[in-house]
There are 2 protein chains.
Amino acid sequence: MPAQPHPESASRAEVDEADKADKGDEAGKDKPGGARGVATAHGGSIAAVARRAGVSVATVSRVLNGHANVRPATRARVLAEVESSGYRVNELARNLRTAESRLLLTMVPDFGNPFYAEIVRGIDSVARRAGYFMLLCDTGADAGRERSYFDLLRRHRADGAICLDPATVQQANRMMADESQALPWVACCEFDPAVGVPYVGIDNFRAARDAVRHLIASGRRRIALINSDDHYLYAQQRRDGYLAALAEAGIEMRDAWRVNVNCLDYEAGAQAAAALMRLSREAAPDAIFAVSDTLAVGVLNGLRGARSRVPEDVAVVGFDDIALAAQVDPPLTTVAQPMRELGETAARLLLRRLADPQAQVPGVLLPHRLVIRQSA
Amino acid sequence: MPAQPHPESASRAEVDEADKADKGDEAGKDKPGGARGVATAHGGSIAAVARRAGVSVATVSRVLNGHANVRPATRARVLAEVESSGYRVNELARNLRTAESRLLLTMVPDFGNPFYAEIVRGIDSVARRAGYFMLLCDTGADAGRERSYFDLLRRHRADGAICLDPATVQQANRMMADESQALPWVACCEFDPAVGVPYVGIDNFRAARDAVRHLIASGRRRIALINSDDHYLYAQQRRDGYLAALAEAGIEMRDAWRVNVNCLDYEAGAQAAAALMRLSREAAPDAIFAVSDTLAVGVLNGLRGARSRVPEDVAVVGFDDIALAAQVDPPLTTVAQPMRELGETAARLLLRRLADPQAQVPGVLLPHRLVIRQSA
DNA sequence: CTGAAAGCGCTAACAT
DNA sequence: ATGTTAGCGCTTTCAG
């Protein structure tokens, strides 16, 4: 199989299949000093292949990497030897030599959340086509840690990074005001255009405003907002969109209707909804806008527990449009984010940055869309 | 910070923080031949640190790796230099030298599925404590590909692998009958005890039988099974458990009640349920056992569309007990799998194998549990 | 307790 | 078109 044809792909010849065991190796000559065979696995080295094929290591390397200047006959001979010996390139060595890990780091606050899972898929798909693999870090897994994930870049563990975690994005923006721009990373979903780090996301202000406008248009006046931590930029933007919609309709906003949660899981949504419905009859909301579908699904459950009907008593609007949104009862009206594209775009921006460190990579805003189902 | 105290952890001194830029580097001497500075990033090399600290590279290495034989004063001097220069070890070089990538490959059929997401978390948590990072591959992403993911092991891209994908597990068991036992990997959830590859999972036969027994105990007689591809071992085992429960109760099994789907998402469950309810009144089931909660959630939706009440008209039992199971309406009765532990155990087995390649790593079966909620 | 030096396996000059 | 060879940056003998 020759070099991969895909435009973005690294031009390395893939050495697939051929599962036979290796023939005699250089068998530890036991020279004095240095590590003996510590790194030598079953496959043999490129030198062993070269010797058996009767060519130099350079030629084997050229064949392996799909370089042009190799006579077909020679190439065939090398390939045959590779095939029969089951040789596999040692990427550890290749990586050191080329000074790249061909790994992309993806930092997620919680990949149990389907929203992030879908974005990660988008990242993975374009990364792989470009010959990169994905190092996945659940930043929520050890929240207490001081350690910076960006150190993984400095230590050459990954060539670039995509950060989906708002907390980590903010920490990065703060802690390395200048250096963060030097490190090859892009922010996804949470971003600060002012900082100069490439990003991709949506217009959270408008998206939230659209959602609340919809609620208002359908006659709701007592609209609650279940938001994530106001510390995050996207949370602030969505809150402002909510406030703007209320203001333009001349609707009063009550503090009791604004609740912040520090976790976006179902349980948090259910509890927030339950708390909201414990307000006195005249203070209880007739609509709830949750900034995440997982939260909204929990809200549906909390409302059920409070014996409130949706949408009759309380209308519910979610955010993201994860697959689950269409399955719950009632199906969720929600603000769709192009999750897949968010991930793909993030990866492409990063790849562009890696291909040309000088490149001026832009920030991009993708369109959102209000999906009206039956919960509002 | 000295060597990490954690029992499983690699004893490498962590070099955190210190974000200042590096001082003057060796500055490409431009010797003839060889690559000049191609791999030299901002941080400077260990040699530069050694020179500036007035010690040898060996000493710096010893300090960095928390070795004992270094005079406190020397250690302090090195640490100070590391700190002030913002030096970071180049793991590419370290990896080549030590012949390990310190990466664990995790193969998942679909990490959009919360079941797998939770297992992956379990893996990640123990892997990280042991100083490994996780390379995540969504095997469903490029299903058509012939390429073997196990090649990543042979190419030293990862030190070991955990496979959660039934298709890939079977392919591995088939394609490399002997070699698969040599490669450091463990099967999770889908496994064949006969093959000799370490594994962790549950007793699928018993779990399914328990679920169906529960249905029978609550008076159901017309029990449908929505299973995944019968090609998979776990699917066969669950089917057999279903059949056994039916047989021991002397209940007839109808072919029309057995449906196989090749995808475990909500939509597949909804469609399967809809199809089941299109059967004539006397042929329609009064209970549905779905082998995955995602399927079961879809079933709930499909049943709603068919105007069947749950559990009055049709009882539903799912499998896995993902967080969502408790949120839907009605809350799902399901067979709980210890997802987190499944992942943690898989990682521990693999780690044990890596620590001692000769070690006889066992197969382990974790307990399941029937969680009765309101759907059945 | 410290230093000198040998490579790990590979890629890419540079020569032929 | 092919071979020779110099390192990539690190860890680890082995000597002192």
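Proteins come first, then strands; the chains are lettered A, B, ... in the order of their sequence lines, and each starts at number 1.
Contact annotation for A/V55: backbone-only contact, meaning every heavy-atom pair under 4.0 Å involves sugar-phosphate atoms and none involves a base. Among the atoms of the strands shown, only primed sugar atoms or phosphate atoms (P, OP1, OP2) are found under 4.0 Å from some heavy atom of A/T59.
Applying the salt bridge (Lys or Arg N to Asp or Glu O under 4.0 Å) criterion to A/R157, with sequence neighbours excluded, gives B/E91. For B/D165, the salt bridge (Lys or Arg N to Asp or Glu O under 4.0 Å) criterion is met by no residue, not counting sequence neighbours. Residues passing the side-chain hydrogen bond (donor to acceptor under 3.5 Å, both in side chains) test with A/S61, sequence neighbours excluded: A/N65. Under the rule for a salt bridge (Lys or Arg N to Asp or Glu O under 4.0 Å), the partners of B/R121 that lie at least two apart in sequence or sit in another chain are A/D110, A/D138, B/E118. For B/T59, the side-chain hydrogen bond (donor to acceptor under 3.5 Å, both in side chains) test picks out B/S56, with sequence neighbours left out.
Look at A/S45 and you won't find any side-chain N or O under 4.0 angstrom from OP1 or OP2 of C/dG9. B/R71 has no side-chain polar atom (N or O) that falls below the 4.0 Å cut-off from OP1 or OP2 of C/dC1. Phosphate proximity of C/dG9 to A/Y87: absent, as no side-chain N or O sits under 4.0 Å from OP1 or OP2. One finds no side-chain N or O of A/N90 lying less than 4.0 angstrom from the OP1 or OP2 phosphate oxygen of C/dC8.
For the pair A/L92 CG and D/dT11 C1', the interatomic distance rounds to 13 Å; values are reported in whole Å. In this structure, B/R102 atom CZ and D/dT11 atom C1' are separated by 14 Å, rounded to whole Å. Taking atom CG of residue A/N95 and atom P of nucleotide D/dG9, one finds them 14 Å apart after rounding to whole Å. Between the CD atom of B/E100 and the P atom of C/dG9 there is a distance of 14 Å, given to the nearest Å. Here C/dG9 presents its C1' atom at 19 Å from CZ of B/R154, a figure rounded to the nearest Å. Whole-Å rounding puts the A/R62 CZ to C/dC14 P distance at 14 Å. Between the NE2 atom of B/H67 and the C1' atom of D/dT13 there is a distance of 12 Å, given to the nearest Å. Atom CZ of B/R88 and atom C1' of D/dC8 are 20 Å apart (whole Å).
Shown here for B/L135 and A/L135, the closest heavy-atom pair between the two residues is CD1-CD1, 4.1 Å.
Nearer to the 5' terminus of DNA chain C, by closest-nucleotide assignment, is the contact made by B/N69 (compared with the other of B/N69 and B/A93). Sequence order on DNA chain D of the closest nucleotides to A/A58 and B/V60 puts A/A58 first from the 5' end.
Fit an axis to the five pairs at each end of the helix from C/dC1-D/dG16 to C/dT16-D/dA1 and the two axes sit 30° apart, to the nearest 10 degrees.
Minimum atom distance to the side chain of A/V70 is reached by D/dT2, of the listed D/dT2, C/dT11, C/dT2. Comparing D/dT2, D/dG9, D/dT11 against the side chain of A/L96 picks out D/dG9 as the nearest. Comparing atom distances between the A/V89 side chain and each of C/dC10, D/dT11, D/dG3 picks out C/dC10 as nearest. Of the candidates D/dT11, C/dC1, D/dA1, the closest approach to any side-chain atom of B/T74 belongs to C/dC1.
Counting distance only, with no hydrogens placed and no angle test, the side-chain atoms of A/R97 and the base atoms of D/dG9 include no donor-acceptor pair under 3.5 Å.
Judged purely by distance below 3.5 Å, without hydrogens or angles, the side chains of B/N95 and B/S101 never pair a donor atom with an acceptor atom.
At a threshold of 4.0 Å, the pair A/R128-A/D124 counts as salt-bridged, since one of the basic side-chain nitrogens sits closer than that to a carboxylate oxygen.
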